[in-house]
Amino acid sequence: MTTHSTGYSASRLAPRLAALALVGLFAVGCSGMNDQQQRALSGGALGAAGGAVIGAVTGSTVTGALIGAAAGTAGGLLYHESEKGKKK
């Protein structure tokens with residue numbers, strides 16, 4: 001395992017860099033989206049983050065992130081439909 005001068009191994013540094021890149025893409029990428037797309041994306045991102053944390057504790061970060069992303073996306077879409085119904 002390669003250790004950088006900061007003391008972090010490559011396997012510990014890669015997820016942090018990926019998360020930072022996703023936050024940057026998320027902040028820039030939402031400007032041209034409608035409400036439904038923004039809610040689905042933000043729900044998926046939050047679900048993936050939560051799932052990754054739970055997955056890290058239980059032993060499978062990737063599986064946790066994938067399940068969390070799916071659940072978060074569904075939650076974001078359901079929230080959008082709920083809000084859309086209130087406006088009528």
Quick one: list whatever passes side-chain contact (heavy atoms from CB on, under 4.5 Å) with Leu78, sequence neighbours left out.
none
Thr73 side-chain N/O to Ala70 backbone N/O, donor-acceptor pair under 3.5 Å:
no
From Ser42 OG over to Met33 CE, what is the distance, rounded to the nearest 0.5 angstrom?
9.5 Å
Tell me every residue that passes side-chain contact (heavy atoms from CB on, under 4.5 Å) with Ala69, counting only those two or more places apart in sequence or in another chain.
Ala48
Test question: given the 4.5 Å side-chain rule for I, L, V, M, F, W and Y, name all other residues clustered with Leu46, or answer none.
none
Just jot down the side-chain contact (heavy atoms from CB on, under 4.5 Å) partners of Gln36, sequence neighbours excluded, or say none.
Asn34, Leu77, His80, Glu81
Can you tell me which residue pairs pass the side chain to side chain donor-acceptor pair (under 3.5 Å) test with a partner in residues 49-67, sequence neighbours excluded?
Ser60-Thr63
With heavy-atom distances below 4.5 Å as the criterion, would you say the side chains of Gln38 and Asp35 are in contact?
yes
Other ILVMFWY residues reachable from Val62 by side-chain steps of under 4.5 Å:
Leu66
